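Labels below follow one simple rule: chain letters A, B, ... track the order of the sequence lines, proteins then strands, and each chain is numbered from 1. Computed from a prediction, not measured in an experiment: that's the story for all the values here.
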Amino acid sequence: MTAMLPIPAVDPVLDTESWWWEPLAIVGLKVLVVFVIGLVGTMFMVWFERKIVAGMQNRIGPDKAGPFGLLQTLADGIKLFFKEDLIPERSDRFVFKLAPFLAFVPAFLIWSVIPLGGDFSDGRDGTVEWFGQITRVQLADPPVGVLLVLALSSIAVYGVMLAGWSSGSKYPLLGSVRASAQMISYEAALGLSLATVLMAAGTLSTSGIVVAQDRLTDWHLLSTGVVPFVVFLIAMTAELNRPPFDLVEAEQEIVGGFHTEYSSIRFALFFLAEFMNVISMSALLVTLFLGGPQPLLIGSFDLFAVLGPFGGTAWLLLKVFLFLYVYVWFRATLPRLRYDQLMDLGWKVLIPVALGWFLLLAALQLGRDNDLSQVSYVALVILCLIVLGLGYLLFTAAISVARRNRDREGAAY
Amino acid sequence: MEPTTTSFLVLGALLFGIGATGLMIRRNPLVMFMCIELMLNAVNLTFVALATRFSDIDGQTAVFFVMVVAAAEVVVGLGIIISIMRRRPGATVDDLAELRG
Amino acid sequence: MGAVGDVLSDGLGGLSHNVITGRIEDLVKWARSRSSWPASFGLACCAIEMMATGAAHYDISRFGMEVFRASPRQADIMIVAGRVSQKMAPVLRQVYDQMMEPKWVISMGVCASSGGMFNNYAIVQGVDQIVPVDVYAPGCPPTPETLIHAIETLHGLIESGEIMRRREVTGAGADVHVQEIPATSVPVLLGSS
Amino acid sequence: MTMIANEGAQEMRPRSELSARELFREVGSVLRMSEAEAAALGDLPEDPEDDQTMVINMGPQHPSTHGVLRLMLELQGETVLRCKPIIGYLHTGMEKTAEQLTFMQGGTNVTRMDYLSPLNNELVFSLATEKLLGIDGDIPERAVWMRMLLSELNRMSSHLLFMATNGMDLGAVSMMIYGWREREEVLRFFQKVTGLRMNHNFIRPGGLAADLPAGWRDDVLRLLDMLPARLEEYDILMTGQPIWRERLQGVGVITPTEALALGATGPILRSTGVEWDLRRDMPYLRYDEVDFDVVVGTYGDAFDRYAIRLNEIRESMRIVRQILDRMPSGDYRIQDKKVTPPPRARIDESMEALIHHFKIFTEGFRVPEGEVYVGIESPRGEIGCYIASDGSPTPYRMHMRAPSFVNIQCLPHMMRGGLVADAVAVISSVDPVLGEVDR
Amino acid sequence: MSSDVTTDGTEMPVDEDAVLHGCPLVESRGQQVLFVARDRYLEVLRLLTDEGFAMCVDLTAVDYSRFMDRDLPEAIDAERFEVVVNLLDISARRRMRVRVQVPESEPVVPSLFDLHPGTEAMEREVFDMFGIAFSDHPDPSRILMPEDWIGHPLRKDYETGSIPVQFKGAPS
Amino acid sequence: MELIVFVLASAMVLSGAIGVVLFKNPVHAALGLVLTLFGVAVHFVSMEAHFLAAVQVIVYAGAIVVLFLFVIMLLGVDRAEDLSIEPLKLQRPAAIVLGAGVTVLVAGAVVRGADTLGSESSAAAPGDSNIRALARSLYSDHVLAFELTSVLLIVAVAGTVVLTRRLKKSEG
């Protein structure tokens with residue numbers, strides 16, 4: 001058994017020798033900051049989405065609650081808080097009460113491993129000095145940070161699933177069955193595209209991944225080819241149940257989906273969790289592929305250099321913003337997919353593509369590690385492409401055979 | 001005082017015992033599956049405790065394999081349960097004697 | 001009213017105290033009036049105008065109301081838009097019962113308010129026989145402007161607490177049933193079969 | 001939300017309780033099976049065990065059912081096995097009310113049936129009344145062309161609304177708002193002409209209620225100039241969109257035989273490739289004098305119906321341009337003392353005119369005995385008006401042949417074997433107006 | 001009221017002897033109307049379908065209890081109810097209206113469901129509104145009114161059900 | 001500190017496990033299982049097996065139990081199981097005795113053998129290197145086993161697909 005204290009265990013940079021109030025203060029401060037960012041960010045996101053969607057639809061959007069309607073989310077929250085609560089008679093009371101928290105807590109916890117900023121000027125590695133302590137601007141930095149996020153996102157399924165089941169009526173059940181199938185399916189594609197990043201960065205810790213992207217060419221967006229990024233973006237949208245993958249709560253089909261029977265504060269928790277997930281997953285995307293708080297240097301000009309140590313945070317916010325906008329854009333533009341199309345996209349497109357790309361990159365990495373000559377390197381690549389091509393042909397052939405069989409036998413699954 | 005390897009092993013034993021008891025008590029095939037998972041977890045716990053104890057990473061490797069096998073087992077088991085339940089809703093293990101000679 | 005009140009006069013204008021010392025009730029009333037999600041209960045012609053109110057030209061989202069909830073559990077206002085038939089009446093009542101307190105009803109259009117021109121066996125002569133109505137929007141169908149006026153009126157009533165006060169006095173809260181005329185046996189079953 | 005509303009025998013019952021014929025109807029296979037197959041199925045109704053299927057209610061208050069349509073769906077997983085539409089939740093007793101209202105007042109009534117194309121309803125009622133009166137040949141040219149103008153504009157606004165709701169049902173929220181935005185422009189013109197946005201009661205027996213206002217031509221031209229660009233936008237946003245095509249193509253397929261047997265008309269019939277448009281094939285008004293194409297589909301699927309409606313907007317714009325060129329001058333209503341109230345100015349001058357005005361609005365005008373059926377092409381299909389008169393000022397019986405009412409019978413046929421999401425697309429593509437279905 | 005219009009408004013068979021499938025064929029305001037006896041209803045409809053009237057556009061009924069002296073061909077006895085079927089021939093672009101007299105004592109008509117499945121809802125509507133039953137209809141239930149409704153609203157002896165307009169005091 | 005973590009996590013493990021055995025409703029049992037799995041994951045973390053902890057949550061909680069729940073919902077077998085029915089008399093008490101016996105035996109053996117464990121201090125390298133060591137062991141020493149498990153997984157998946165596949169009897 002190790003004798004290490006639990007807090008430094010998740011934050012290896014912290015100097016454990018001087019175990020006095022400074023580390024405690026730092027950790028406390030970080031918890032506070034993360035909490036506030038989570039809540040304010042969510043409030044902002046709700047407002048942002050409604051405003052942007054309104055803008056895209058030639059409307060004005062909320063403008064009665066507070067200046068520019070900024071307090072709209074607050075009003076929604078207060079109203080929901082003071083609304084009558086109800087637990088349906090046929091519901092499973094305990095699970096019904098538990099489910100919103102199962103949805104909400106993981107959404108919050110993801111924030112704990114996201115690097116929220118740091119000092120990257122002049123090639124520094126993102127550590128900052130607070131109260132005389134060297135630390136990272138990140139609540140926890142466990143060696144398996146990325147896996148932790150994956151684990152949390154797989155826990156998030158429970159909230160949705162149990163909510164639908166415990167409501168004791170049909171539409172929510174339908175919604176939750178959809179949700180669980182969808183989330184399990186896309187987890188695989190998510191993991192595979194993530195693996196390419198891990199391979200490129202050579203570490204599982206989020207801070208390590210950020211440090212590994214210190215130049216634009218090292219941003220995993222570019223260094224892993226754009227494919228994993230795209231796969232990740234799509235799979236993440238699906239994981240988040242955002243349009244066009246929002247079948248779980250497709251109003252037109254299954255009313256409110258899993259949260260149909262929820263009202264009041266419990267519904268607010270789902271609402272909050274959904275939007276918080278959007279932000280935290282966007283932050284994760286930025287961390288993995290866009291260098292997180294790393295500045296985008298134009299030459300050697302840093303846009304947020306004036307902010308000093310907070311420059312990293314500003315960069316992170318800017319990048320996250322970009323993706324929030326992309327999500328809202330998706331919502332405003334794309335029609336919803338159908339259930340079988342969703343599954344087809346996940347299993348027949350995203351997973352094979354992510355897997356193939358991963359194999360390709362792995363081969364390249366192998367070549368680089370073994371210092372192959374130019375010729376053999378090219379040969380390796382060609383070999384890979386041939387193998388992948390064959391795999392693709394085999395795959396399409398298998399699909400068409402399966403389809404023919406299904407048409408002939410009329411098999412149902 | 002800090003927990004020793006022995007305490008982990010005892011915990012593992014308890015968990016295994018509960019799992020085994022549950023397996024014998026319950027009739028619902030799904031819950032019985034869950035009890036098997038409990039027993040597997042007890043084994044995992046023991047593996048990791050001893051791996052840490054002896055600083056041998058192979059214990060953790062074994063856990064990895066256990067998890068994979070558990071996943072495979074659940075997939076097949078649930079498949080069987082689904083196909084049985086479809087034909088005979090509400091069946092408990094006592095009713096399932098299809099393979100009896 | 002301090003600086004806070006001035007800054008937020010746009011939104012918190014209804015508050016007579018400043019935010020910190022103000023009674024929480026005021027805050028709640030403010031929140032309720034600023035965020036009243038409608039249950040989509042479109043029935044006939046009026047539903048079209050109700051939806052038009054949500055569209056670009058009129059934009060109900062300014063009041064934070066573009067969140068049409070499909071599930072009555074999460075809705076605050078039921079806008080009964082259109083004629084309510086005898087067959088629909090039980091459903092209407094059921095949806096109303098499924099809504100959570102506090103809840104309000106806007107009766108949109110003359111058909112919902114009084115049966116309108118359809119004074120016959122099929123139509124419920126006024127939806128207030130089934131659910132308590134807070135605001136009536138006249139018109140056949142009411143234009144989006146009329147509906148917005150009705151919504152604004154309701155918001156005003158919510159924010160001033162008028163509706164709550166009235167219910168305290170008369171006991172006619174939304175959860176107390178208005179003396180109910182059974183929806184299925186209005187005296188119209190005169191013909192022989 | 002699931003509803004308790006219990007409609008007894010109208011609801012979907014377990015397969016074991018059904019007659020074979022009813023089962024065919026609910027699975028939508030009335031025409032697909034031979035007699036032998038049907039008999040075989042009748043003996044052995046394939047009965048999935050009860051806990052494998054789930055009967056869910058969509059509606060009557062459900063976001064996708066366009067009002068108060070209630071569908072009972074039998075699902076296996078998410079696949080629709082059976083579908084039974086239950087209607088009547090908006091039954092307004094309009095046909096009964098029509099027997100109380102005079103022919104003069106009748107327009108107020110019928111305009112509220114299909115509230116998305118009220119002018120077409122008024123038009124068919126007026127045409128039927130005029131035919132009964134025997135004055136159908138005497139309507140002034142200007143009135144006829146004005147009716148065409150309004151009818152075509154109404155077709156545009158109705159189809160624009162279809163674009164909006166179709167987009168909404170498939171989750172394209174912006175499309176919904178865009179559709180409303182364009183429709184609003186058309187409604188503005190209506191408001192200028194008729195004074196109302198909906199339920200105009202503008203087309204009346206004998207002509208119209210008023211002449212076109214000054215500047216109407218510019219308004220229409222502005223509309224016509226604005227719309228093509230917006231329709232291009234729809235094409236970009238929807239038509240060419242892979243997800244959109246995936247969602248609609250091959251969904252809700254119906255064959256020409258089925259469509260004809262079920263009496264489906266309008267875009268549903270045309271989507272199967274049957275060229276049938278009353279405007280061209282049984283011309284009324286002056287449709288035989290204008291150039292336009294009847295848009296037909298090939299596959300009979302939801303995408304065809306979407307594309308047909310989109311292109312019908314374009315065709316309507318073409319017709320409206322021709323109407324603008326050819327709009328004659330003249331009177332906007334027939335100068336027949338029997339059916340036309342005297343002009344406003346005359347009432348102040350002449351006692352006789354005042355009495356005449358009073359009588360025509362209180363008693364109405366007498367319509368000769370007889371019965372007549374007139375059908376025209378509304379945006380949803382053939383809308384027909386059957387009037388039986390006993391010689392009194394009120395119709396003895398007025399019946400509307402509502403296209404949505406008939407078209408809705410296609411739902412089980414289109415939904416069979418589809419997914420729940422397809423069901424939504426199918427309802428949307430049929431574009432039912434429940435006011436018209438239930439009357 | 002000028003009377004010149006009414007002359008061509010009355011039903012005037014162009015040809016007194018016009019007969020189609022043994023049923024009197026009348027021309028009314030340019031529209032063809034075929035009066036079919038109830039017992040030959042299905043048979044004639046089937047013949048008409050084969051002739052090209054393949055589409056049944058509309059099926060409705062009229063309660064003539066207050067207008068029994070209407071104009072009918074001589075061969076036809078006026079009954080209380082009339083079922084009116086509108087047929088359409090798409091290839092020849094013509095319409096045909098079939099009127100069937102249905103006695104009050106036995107308001108039953110054979111169903112057209114096998115011939116034109118599209119009449120299913122219409123027949124249910126007629127049953128709901130007039131109480132005319134369609135024999136052999138697959139689903140003879142009410143369609144518009146609630147299942148437990150008493151009476152058939154569109155019959156002439158069924159009151160409109162209008163209730164006097166009341167002005168209630170505003171809720172205080 | 002370590003002790004607190006140990007006690008809390010052990011409480012999670014044990015209460016969850018007891019829940020699995022005692023809850024009547026399968027969904028509740030599954031939730032108990034999740035609790036146990038989390039407790040085990042916490043133990044793994046405290047023993048520096050970070051990777052295994054994460055995999056434990058991802059694979060067990062994120063996939064296996066979700067699969068359980070999925071099946072429960074799909075089949076609708078979430079009716080509470082009646083624990084009062086005893087198909088075999090004495091089975092339950094016998095099972096409890098047997099289970100307790102096994103537990104006591106194993107635990108006793110462990111405690112007795114505690115001395116033989118020696119007091120070798122753990123020097124499992126923390127952080128990344130742990131994962132690297134695991135990977136090295138997995139892909140070099142145990143590569144054959146690794147390949148075999150992957151074959152096993154594929155076979156399992158294929159087998160399940162075949163198992164649960166249904167052929168439609170006829171169209172419908």
| request: Nearest 0.5 Å please: distance from the CD1 atom of A:Ile78 over to the CH2 atom of C:Trp30. | output: 5.5 Å
| query | A:Lys83 side chain to C:Arg73 main-chain N or O, any donor-acceptor pair under 3.5 Å? | reply | no
| remark: Nearest heavy-atom contact between C:Asp59 and A:Gly61 is OD2-N, 3.1 Å
| message | Just so I understand: if I count every heavy-atom pair under 4.5 Å between each of C:His155, C:Met99, C:His57, C:Arg62 and chain A, which residue has the most? | response | C:Arg62
| Reported CE-to-CZ distance for the pair C:Met100 and A:Phe267, which is rounded to 0.5 angstrom | 13.0 Å
| request: Considering non-hydrogen atoms only, spot the tightest contact between C:Arg34 and A:Lys64 and give its length. | output: NE-O, 3.1 Å
| Which atom names give the shortest non-hydrogen contact between A:Gln72 and C:Ser35, and what distance separates them? | NE2-CB, 3.9 Å
| query | Looking at residues at least two apart in the chain, or sitting in another chain, which of them share a salt bridge (Lys or Arg N to Asp or Glu O under 4.0 Å) with A:Arg266? | reply | A:Asp85
| said: Does anything in residues 31-52 of chain A reach chain C? List residues with heavy atoms under 4.5 Å apart, or say none. | reply: A:Arg50
| Considering residues at least two apart in sequence or located in another chain, which fulfil the salt bridge (Lys or Arg N to Asp or Glu O under 4.0 Å) criterion with A:Glu239? | none
| message | Counting neighbours of CH2 on C:Trp37 that are heavy atoms of other residues, nucleotides or ligands and sit closer than 6.0 Å, is the number greater than 12? | response | yes
| Which pair of non-hydrogen atoms, one from A:Phe82 and one from C:Arg32, has the smallest distance, and what is that distance? | O-NH2, 2.9 Å
| note | Honestly, the part of A:Leu70 sitting under 4.5 Å from a heavy atom of chain C is neither
| said: Only heavy atoms, only distances under 4.5 angstrom. Which residues in residues 45-52 of chain C are near chain A? | reply: none
